Amino acid sequence: MRIAMIASPSPQSQVVLTRLKTLLNKPPFEMVNERPDIVLTIGGDGTLLSGFHRYAHQLATIKFIGIHTGHLGFYTDWRDFELEELVDSLLHEEQKSVSYPLLDVEVTLADETQEKKHFLALNECIIKKVNTTMVADIFIKEEHFERFRGDGVSVSTPTGSTAYNKSVGGAVLHPRINALQLTEIASLNNRVYRTLGSPLVIAGDEWIEVRLCADNDYLLTIDQLSFPQSAIASIRYKIADERIHFASYRHTHFWRRVKDAFIEEEDTHNGGDDEI
């Protein structure tokens with residue numbers, strides 16, 4: 001079993017990394033950086049997002065496991081005091097997995113090349129204007145829906161619905177819903193300019209295109225990664241063909257995660273055996 005490990009730089013995460021390396025220093029485990037079977041991340045959701053983007057080109061053959069060293073995350077099922085139990089699960093449990101939808105992002109540049117760039121997002125993709133109001137036409141499955149004016153728009157996956165999407169007024173979606181969500185960021189709504197002003201949940205077989213009016217100084221973010229772009233013509237969003245797979249040795253129920261994150265945290269010493 002080929003295992004790659006990624007840890008946040010926090011002292012607690014580095015201690016866990018050292019302990020875990022000792023526990024896994026025996027057959028059938030092999031520590032690797034390339035072509036792993038399992039990617040173990042130690043820290044929080046941000047660390048797992050880093051692992052996802054590092055191995056996004058190998059999603060068909062990799063399962064992820066998250067160990068959190070702080071507050072319970074949406075992608076981290078194990079606590080730092082459960083390392084022996086985790087290793088035992090790796091040794092003896094059948095390697096089942098659950099998978100979540102990803103966001104396929106196609107960016108067309110507004111230059112003479114009209115180059116297209118592709119990205120995958122686990123949480124969301126955000127497009128913003130840096131200094132002025134962003135003006136864009138929103139299309140859903142090739143039909144014009146609205147002309148948007150405001151700070152920007154966020155398009156998220158179901159699992160990403162609890163991240164930036166929620167902070168700008170989006171709905172929380174269960175990850176079994178194969179859909180994407182568009183949420184406006186500080187839209188202008190008055191007697192002259194009107195948008196829907198509500199989050200849009202788009203079916204998995206449809207797509208969204210944001211056609212930007214000629215301008216520059218855009219900021220494009222894919223999860224926690226930022227890509228300043230001087231000229232973007234359009235961005236097309238759809239549910240990706242690829243999916244992310246998590247080893248389902250144990251999963252905390254999704255709505256328990258939501259409650260822990262936003263209402264009150266429950267005792268997680270005993271974990272949870274409900275699938276997400």
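All of these numbers come straight from a predicted model, not from anything done at the bench. What's counted below: heavy atoms across the whole structure, side chains too, no hydrogens, waters or symmetry copies.
- Counting only distance, with no hydrogens or angles, the side chain of Asp217 and the backbone of Val130 share no donor-acceptor pair below 3.5 Å.
- Side-chain heavy atoms closer than 4.5 Å link hydrophobic residues (I, L, V, M, F, W, Y) into clusters, and following such links, even through other members, never connects Phe148 to Tyr193.
- Taking hydrophobic clusters as Ile, Leu, Val, Met, Phe, Trp and Tyr residues chained together by side-chain heavy-atom distances below 4.5 Å, Ile65 shares a cluster with Val16.
- Hydrophobic clustering, with ILVMFWY side chains joined whenever heavy atoms are under 4.5 angstrom apart, groups Ile235 together with Leu225.
- Atom CD of Glu142 is surrounded by more than 12 heavy atoms from other residues, nucleotides or ligands within 6.0 Å.
- Counting heavy atoms from C-beta outward, Val210 and Tyr237 have side chains that approach closer than 4.5 Å.
- Results of the side chain to side chain donor-acceptor pair (under 3.5 Å) test with Tyr75 over Thr47, Asn123, Asp45 single out Asn123 as the only residue that passes.
- In this structure, Glu146 contributes its side chain and Leu196 its backbone to a donor-acceptor pair below 3.5 Å.
- In this structure, the side chain of Arg2 does not engage the main chain of Val32 through any donor-acceptor pair within 3.5 Å.
- Within 6.0 Å of atom CZ in Arg147, more than 12 heavy atoms from other residues, nucleotides or ligands are found, so the atom counts as buried in its surroundings.
- Using a distance-only test at 3.5 Å, with no hydrogens or angles considered, no donor-acceptor pair links the side chain of Glu206 to the main chain of Ile140.
- In this structure, Glu184 contributes its side chain and Gly152 its backbone to no donor-acceptor pair below 3.5 Å.
- Side-chain atoms of Asn33 never come within 3.5 Å of backbone atoms of Ala4 as a donor-acceptor pair (strictly under, hydrogens ignored).
- Applying the 6.0 Å contact sphere to CZ of Phe139 captures more than 12 heavy atoms from other residues, nucleotides or ligands.
- With a 6.0 Å radius and a threshold of 12 heavy atoms from other residues, nucleotides or ligands, Lys129 has its NZ atom above the threshold.
- The closest side-chain heavy-atom distance from Arg19 to Glu84 is below 4.5 Å.
- Ser13 places no side-chain N or O within donor-acceptor distance of the main-chain N or O of Pro9, the cut-off being under 3.5 Å.
- Remark: aromatic rings of Phe119 and Phe227 are close, center separation under 6.0 Å.
- The shortest side-chain heavy-atom distance between Leu103 and Glu124 does not fall under the 4.5 Å cut-off.
- For the pair Lys166 and Phe262, the cation sits on the ring face: its NZ or CZ lies under 6.0 Å from the ring centre, inside 45° of the axis.
- Side chains of Ser154 and Ser156: a donor-acceptor N/O pair is absent below 3.5 angstrom, by distance only.
- A cation-pi arrangement is absent between Lys63 and Phe246 under the rule of less than 6.0 angstrom and at most 45 degrees off the ring axis.
- For the ring pair (Phe, Tyr, Trp, His ring centres under 6.0 Å) criterion with His174, the lone passing option out of Tyr100, Phe74, Phe254 is Phe254.
- For Asn165 and Thr183, the side-chain atoms include at least one donor-acceptor pair closer than 3.5 Å.
- The backbone N or O of Thr195 lies less than 3.5 Å from no partner atom in the side chain of Arg149, so there is not a single donor-acceptor pair.
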